[in-house]
Amino acid sequence: MTLVLIAEQILNGLQLGVTLFLMSAGLTLIFGVMGLINLAHGSLYMVGAFAAAAIAGATGSFILALIAAMTASAIAGTIVEISVLRRLYRRDHLDQVLATFALILIFSEGTRWVFGSFPLYLDIPHYLQGPVTLPGEIQYPLYRVTLIILGILIAVFLGLLISKTRIGIKIRAGENDREMIAALGVNISKLYTMIFALGAALAGLSGALVGAIQSVEVGMGEPVLILAFVVIVIGGIGSIKGAMVGSILVGLTDTLGGVFLPKVLQLFMDISTATNLGSSIASMSIYILMGAVLIWRPTGLYGSRL
Amino acid sequence: MEAYWPLWVALMIGERNINLLTLSLFVLIPAWAYLADEPFTITLMTRAVIFALAAVGLNLILGIGGFVSFGHAAFFGLGGYVMGILAWHAQGYSPLLEWPFVIEGTKSMPVIWLVSIMVSAIFALIIGAVSLKTSGVYFIMITLAFAQMMYYFSISWSAYGGEDGMSIYVRNNFPGLNTLDPIQFYSLCFVLLLISLWFVSRLIKSPFGLALNAARQSPQRVQAVGLDLHKLQLFAFVVSGAITGLAGALFADLNRFVSPNMFGWQLSGEFIVFIIIGGVGRLFGPVIGALLFVGLEHFLGELSDFWHIYLGIILLLIVLFSKSGVIGLIAKKEVHSD
Amino acid sequence: MKNLLSVSASILTAASLTMASALAETKVGMITTLSGGGAGLGIDVRDGFMLAIKQSGRSDIKVVIEDDQRKPDVAVKLADKMIQSEKVDVLTGIIWSNLAMAVVPSATAQGKFYLSPNAGPSALAGKGCHENYFNVAWQNDNIHEAAGAYADGAGYNKTFILAPNYPAGKDALTGFKRYFKGQIAGEIYTKLGQTDYAAEIAQIRAAGADSVFFFLPGGMGIAFLKQYSGSGVNLPIVGPAFSFDQGILQAVGEAALGVVNTSQWNKDLDNPTNVAFVKSFQAEYGRLPSLYASQGFDTANLLISAIVKADVNSPDAFRKALKSAEFKSTRGDFKFSSNNHPIQSIYAREVIKEGDVYTNKTISVALENHSNVYTKDCKM
């Protein structure tokens, strides 16, 4: 159990957190401003990954693939928003659950119909491959460092967008009082579509970035969706800051929990029981974290008080 | 919204009649299947009845209470695992517990049902006490979290099969019946569904039910009148979990198999879907929804490998064009104002 | 006159009986995964199976194919449908061990035959074995045992091993350790469905191992290999074929080059049946077959060989015919052990690139004429 190992695991937790942030930022905005529970966010993540794989395969350029991912997801999101979700804003959350659940089915099998049943190939570009030496002689994959930096940049960009621009004001006002800003003359439909497209683009980008080091296959979005929901609940609905803090917390807990829990338990019991029990508790750890946060702050860390 | 149906249909069919129509389907279809020697149709209907029961439980807290639980599969799985553990020990002739006192397994359905209900109720008490302090999407997430925890726990609990689950080779016993005979097992499940529907309908009409309904629509007023909101909702949650737990035990018996999938969030989602397509808050909403879903699953599955797309489209159409599910579509009167 | 009548009567009876048995149909129910994430495996098994049926030219085998969506309760429902409604005689198709555990015990208890083209859980090989259950692929442990044998033979001394925390994963590590005599540098059970292995790779780096063995089927394996290749940890990898089959290799790409994996089949196995199979599969479906396709193909041919010898409606004769396994398999000669699992050689193969396509090349025999360790637990 060296310091190098611990440092590496912390970096891993940060990187997982950043990936989650891209998903949760969009989700929290969509829910915070539009009041929409979007179960199909995982499908937009998947669409981005598949688009990236297709374009990377055709052109060989990773940058183009990322752009394609964001564009494809944004377009898919916009189409879905205009045709289906627009009718559901006034409706019960339940109707939104059902509609977006139906969308998951359509997107998943639709993707399989277009791209086939085998996973697709997507790899990180040559200039980002291999490890890089960080201070303290830690060898860490360059790509993951890039992800961390990229995530922080996007977080800053979103933060500035929300706090310093006109759109940001509209978003914050919309989170506060939807009807009022409509009464004040803001074009709600356009605003909502824009927010949804932004959230979708972020999800697609996340899918592409992560798909490069994991696998691009149907159903890849749902596990991330669950995690993203956990993040925004911990962070507080509607808050980008909350999404950032929540993502980091969840990323660190999941990574460090999985590594250190079995080791800690090994101090008290034999190896195989400790590994077994440790792995089980590790899988449950983020939910335990969420429960603990909710007991302390029922609306999340940065959520508005109900 | 009713404009999408011919006016005379909308005028003529009240909710009461839809309920009767549904019940008669549940009697006629298996009867036909029995006479036509199509045991698989009976098995399908049993699946629908059990899902209906699970959703009836959920509807109590979701439709009447107004809390969307995305973790009701926790109770479904609990009921299933209670059955699995008890029956597995019985079929292996080994006791569950030897110290401090001996607990043997059992293959008797009434005992298993009783234990499933009790265990689910206890867990519902704990989960409800914690979760009901939140509301809205937070409640959705925390109930999901509990179900997920049980899912991961059951996967790693290798004593009872882990991800492979447990097979119970022969269906459990009910005095006087041959439970392996599809029509007899179906009748058993159907009777249980009827009893639960009757129980829930009495509950809804009772002072408790009225208070719960009122609490959903206007919590402050109910509190102002002096009722303990939290106790009301907790009681509803416990009953709801117990009913879904019973359904889980039956499901395990139907499939003669228990696995962590019974705790899965997709199943929790499906229960919610049954209620929504049938009609939220309506007594028979979950029943119609379950029947529709099982039917769609069966018939669409024969159409194409990609039948999920058709299912998704149908569900979308239902949600877009019907304000309160299928019942809302057909019946004229609204039961609850929203 | 009477003699003529009785002779004609007996000729007619004999003729109609022969015709009846020639027309007697064997109905097969195939329950496999055709939708969702793991569909590739089920589609391969189905395609291999149906190719063999087509090539046999027989019209008396009817195959009903259904999609289990990888859900145990759907598999049970479909099995019920096939047995009760379609009245099949033989069941086959299931890919995953947990679905097999849900379906096989009750199917065989109802007197149906089950031929497994993939899943081979230890429970069905040992205590839960049944005379009607035949596994045409392998017993789950076999492929991992072969990996252990290969690692031992290759001179690895400190291997780091990992698998997901579920029964098949535990069986994998146990199987590996059964034949690997060196030191285990570290043993990790990951979360089922986990996609980020940075933490585990960091532990591998820190453990001072000289090799890695992993069992991570499907998308998990793809993720691990990609992340491993970018991490700078360059230890040799050994694994079972499940992460390196023809379908998955294209998704992993370069990251898989040079990895050694163990399998009972490879497309370059040099026997006439296999050569013809690979060629015809590619001609029919436009892609190279995977080991799953070969298993489906062999299962169908086993079934056909039994139908030729006996009628499925005489279960004892049919069972005997199945057990004698007189068919030409893509792996050469085929023999069943006492608990109805194959006794076969398991090969070590290396991932190479042939032109544009990633595929496997057989490099050695890891285990020869290998049976399984559960024969003594099976009281058939």
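Lettering of chains follows the sequences in order, A, B, ..., and the numbering in each one begins at 1. These numbers come from the heavy atoms of this one structure, side chains and all, not from hydrogens, waters or symmetry mates. The structure presented is a predicted model; accordingly, all values stated were derived computationally and were not measured.
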Determine, stepwise, if the pair Leu94(A) / Val68(B) fulfils side chain to side chain contact (heavy atoms under 4.5 Å, CB included). CA-CA 8 Å; Leu94(A) 279 180; Val68(B) 180; 3.9 Å; yes
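- Only the side chain of Ile37(A) has a heavy atom closer than 4.5 Å to any heavy atom of chain B.
- The salt bridge (Lys or Arg N to Asp or Glu O under 4.0 Å) search around Arg297(A) returns none, not counting sequence neighbours.
- More than 12 non-hydrogen atoms from other residues, nucleotides or ligands lie less than 6.0 angstrom from CZ of Phe306(B).
- Both the backbone and the side chain of Leu98(A) come within less than 4.5 Å of a heavy atom of chain B.
- Taking Ala54(B) as the reference, Phe76(B), Thr244(B), Ala247(B), Phe271(B) meet the side chain to side chain contact (heavy atoms under 4.5 Å, CB included) condition, with sequence neighbours excluded.
- The salt bridge (Lys or Arg N to Asp or Glu O under 4.0 Å) search around Glu222(A) returns none, not counting sequence neighbours.
- Counting all heavy atoms, side chain and backbone alike, Ala102(A) lies closest to Gly312(B) at CB-O, 3.3 Å.
- You'll find the side chain of Met149(B) reaches within 4.5 Å of the side chain of Ile288(A), heavy atoms only.
- Side-chain atoms of Ile106(A) and Leu316(B), non-hydrogen and from C-beta on, do get closer than 4.5 Å to each other.
- With a 4.5 Å cut-off on non-hydrogen atoms, Ile272(B) touches chain A through its side chain but not through its backbone.
- The backbone N or O of Ala147(B) lies less than 3.5 Å from no partner atom in the side chain of Tyr287(A), so there is not a single donor-acceptor pair.
- What you find for Ile237(A) and Tyr138(B) is that their closest heavy atoms are CG1-OH, 3.0 Å.
- Minimum heavy-atom separation, Ile142(B) to Gly291(A): CD1-CA, 4.2 Å.
- Heavy-atom distances place the side chain of Leu62(B), and not its backbone, under 4.5 Å from chain A.
- Neither the backbone nor the side chain of Ile314(B) comes within contact range of chain A; no heavy atom of the residue lies under 4.5 Å from a heavy atom of that chain.
- Not a single donor-acceptor pair under 3.5 Å links the side chain of Tyr152(B) to the backbone N or O of Met284(A).
- Here Leu294(A) contributes atom CG and Lys133(B) contributes atom NZ; the two are 12.5 Å apart, rounded to the nearest 0.5 Å.
- The closest side-chain heavy-atom distance from Phe101(A) to Glu270(B) is below 4.5 Å.
- With a 4.5 angstrom heavy-atom cutoff, Phe229(A) touches chain B via backbone and side-chain atoms both.
- Of the atoms belonging to Arg112(A), heavy atoms from both backbone and side chain fall under 4.5 Å from chain B.
- Using a 4.5 Å cut-off between heavy atoms, Ile226(A) touches chain B through backbone and side chain atoms alike.
- In terms of heavy-atom proximity, Leu105(A) sits nearest to His308(B) at CB-O, 3.6 Å.
- Interface residues of residues 39-49 of chain A toward chain B, defined by a heavy-atom distance below 4.5 Å: none.
- Residue Phe31(A) touches chain B through its side chain alone, counting heavy-atom pairs closer than 4.5 Å.
- Partner of Asp95(A) under the side-chain contact (heavy atoms from CB on, under 4.5 Å) criterion, chosen from Leu320(B), Ile318(B), Ile276(B): Ile276(B).
- Within 6.0 Å of atom OH in Tyr192(A), more than 12 heavy atoms from other residues, nucleotides or ligands are found, so the atom counts as buried in its surroundings.
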